[in-house]
Protein chains: 2
Amino acid sequence: MSKPDLLIHTAFELFYKHGIHAVGINRILSETGVAKKTLYHHFSSKDALVEAVLVYRDQIFTDWLTSRMMQAGEGNAAILALFDALDDWFHDKVAELLPFKGCFFVKANGEFSDHAVNTICQKHKQNLTTFIQANVPRRSAELAQSISLLKEGAIAQAYVAGDLEAAKRAKLMAASLLA
Amino acid sequence: MSKPDLLIHTAFELFYKHGIHAVGINRILSETGVAKKTLYHHFSSKDALVEAVLVYRDQIFTDWLTSRMMQAGEGNAAILALFDALDDWFHDKVAELLPFKGCFFVKANGEFSDHAVNTICQKHKQNLTTFIQANVPRRSAELAQSISLLKEGAIAQAYVAGDLEAAKRAKLMAASLLA
DNA sequence: ACACAAGTAGACCAATCTGTCTATTCTAAA
DNA sequence: TTTAGAATAGACAGATTGGTCTACTTGTGT
């Protein structure tokens with residue numbers, strides 16, 4: 001793995017677990033064994049690394065979720081598959097997403113205000129809602145927002161309250177919404 | 001206002017807006033005009049202050065939400081009132097909660113792991129779910145979890161995606177759930 | 001063989017972090 | 001009026017922060 005990739009990968013693990021402000025550059029360096037000069041050769045600042053980590057996670061997560069949805073077909077089947085995918089995630093059955101610790105974008109967004117991070121997080125959510133919209137009856141924007149709401153609710157409920165069955169509940173509500 | 005209350009109140013404002021790790025003790029001190037010695041006279045550490053802030057917000061928020069619910073009656077009426085209350089919150093019509101910036105407990109929880117903060121946040125959510133359960137048909141725990149999920153989803157969606165009408169959507173889904 | 005980019009270790013910097021401490025003043029109750 | 005607790009300003013300590021820099025060693029493509 002190239003040094004930049006290694007830094008991004010390790011930084012994500014640490015940020016996801018402990019929070020972004022709680023993890024210093026020196027910790028990322030010592031965990032990776034990479035020299036400080038090398039980090040600043042590839043990233044102009046910690047902020048730049050943070051943004052690269054968000055882009056990295058966005059790609060991994062979006063690719064995983066959309067492929068799980070498309071794999072199940074189109075339309076309602078894809079929407080229902082979304083919640084099956086979440087259920088697998090909550091129960092740590094998705095190796096590529098790492099052990100479930102909530103939504104990285106929600107967490108990252110909460111640590112900043114009026115910052116590039118907020119824009120990236122908002123865009124990530126918007127992209128997913130757009131993808132959902134393409135699979136919803138009448139391509140209704142309203143319906144897509146409601147499905148997104150159920151998705152966010154399931155993630156938050158699973159993480160903060162420890163309700164690992166939240167995705168199953170959300171799926172039932174989604175099904176009744178689509179009917 | 002007593003010094004401890006002033007510290008807690010100001011710390012909450014700063015933590016809520018910028019995140020907990022992003023706000024240092026010195027900033028809280030300079031914004032309040034309180035001396036450092038005084039802070040450490042009342043709170044043994046920053047962690048102790050953080051916990052006091054969480055307890056403070058828990059009280060404000062829970063009192064507000066439960067009174068809004070009870071004010072509307074009992075049972076289904078109370079549940080529907082919950083979403084009306086959220087709608088007011090999102091649109092900054094509730095002065096005592098300060099300008100809406102998402103759920104403080106979700107944000108705080110995301111900044112720590114294996115920490116007293118996580119326990120407090122989880123307990124806060126549990127207490128609200130218990131209150132919801134008392135107003136749900138058959139006092140069903142399942143149903144209460146689903147309502148909580150809708151509540152969390154609405155807050156996350158309103159904050160991260162900027163969908164200020166999320167509470168209205170959640171209310172519709174809740175109504176169909178209660179029918 | 002040569003050149004150039006990518007890597008190394010780690011000293012160093014200024015700023016900031018939490019937390020301690022001294023020395024002094026204010027305030028309210030006994 | 002005395003006395004104790006709560007408050008003040010701010011110097012100080014030690015650790016850590018993000019970031020720079022020098023001097024040196026790799027590895028790769030031409």
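Order of the sequence lines sets the chain letters (A, B, ...), proteins ahead of strands, with each chain counted from 1. Just so you know, these numbers come straight off a predicted model, no measurement behind them.
Close placement of the Phe12(B) and Phe104(B) rings is indicated, their centers lying within 6.0 Å of each other.
Side-chain contact check for Thr10(B) and Thr32(B): no donor-acceptor pair (N or O, by modelled atom type) lies under 3.5 Å.
Put simply, CD1 on Ile25(A) is 21 Å from P on dC13(C), counting in whole angstrom units. When the P atom of dA6(D) is taken as reference, atom CZ of Phe43(B) falls 13 Å away, rounded to whole Å. Residue His42(A) contributes atom NE2, which lies 13 Å from atom P of dA5(C) at whole-angstrom precision. Atom CG in Leu39(A) sits roughly 14 Å away from atom P in dT17(D) (whole-Å rounding). Atom pair Asp47(B):CG and dC17(C):P shows a separation of 16 Å (rounding to whole Å applied). Here the C1' atom of nucleotide dT16(C) and the CG atom of Leu29(B) are 14 Å apart, to the nearest Å. Across the protein-nucleic acid pair, Arg27(A) atom CZ and dG18(D) atom P stand 12 Å apart, rounded to whole Å. Per the geometry, NE2 belonging to His41(A) stands 16 Å off C1' belonging to dT22(D), to the nearest Å.
Between Asp163(A) and Arg169(A) there is a salt bridge, since at least one side-chain N of the basic residue sits less than 4.0 Å from a carboxylate O of the acidic one.
Phosphate contact (OP1/OP2 of dT16(C), side-chain N/O of Asn26(B), threshold under 4.0 Å): absent. Thr38(B) has a side-chain polar atom (N or O) that falls below the 4.0 Å cut-off from OP1 or OP2 of dT8(D).
Checking each of Lys151(B), Glu152(B), Lys125(B), Gln145(B) against Gln157(A) for a side-chain hydrogen bond (donor to acceptor under 3.5 Å, both in side chains) leaves exactly one that passes, namely Gln145(B).
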Start with the C-alpha distance between Lys171(A) and Asp87(A), add both sets of side-chain angles, then the distance that settles salt bridge (charged side-chain N to carboxylate O under 4.0 Å, His left out), and finish with yes or no. CA-CA 10 Å; Lys171(A) 186 185 180 184; Asp87(A) 194 60; over 6 Å; no

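Nearest to the side-chain atoms of Tyr40(A) among the listed nucleotides dC17(C), dT17(D), dT20(D) stands dT20(D). Looking at the side chain of Lys37(B), the nearest of the listed nucleotides dT20(D), dT17(D), dT22(C) is dT22(C).
Looking at Lys36(B), its side chain comes within 3.5 Å of the base of dG19(C) through a donor and an acceptor atom.
Residue-level contact check: Lys3(A) touches the backbone only, with heavy atoms under 4.0 Å from sugar-phosphate atoms and none from bases.
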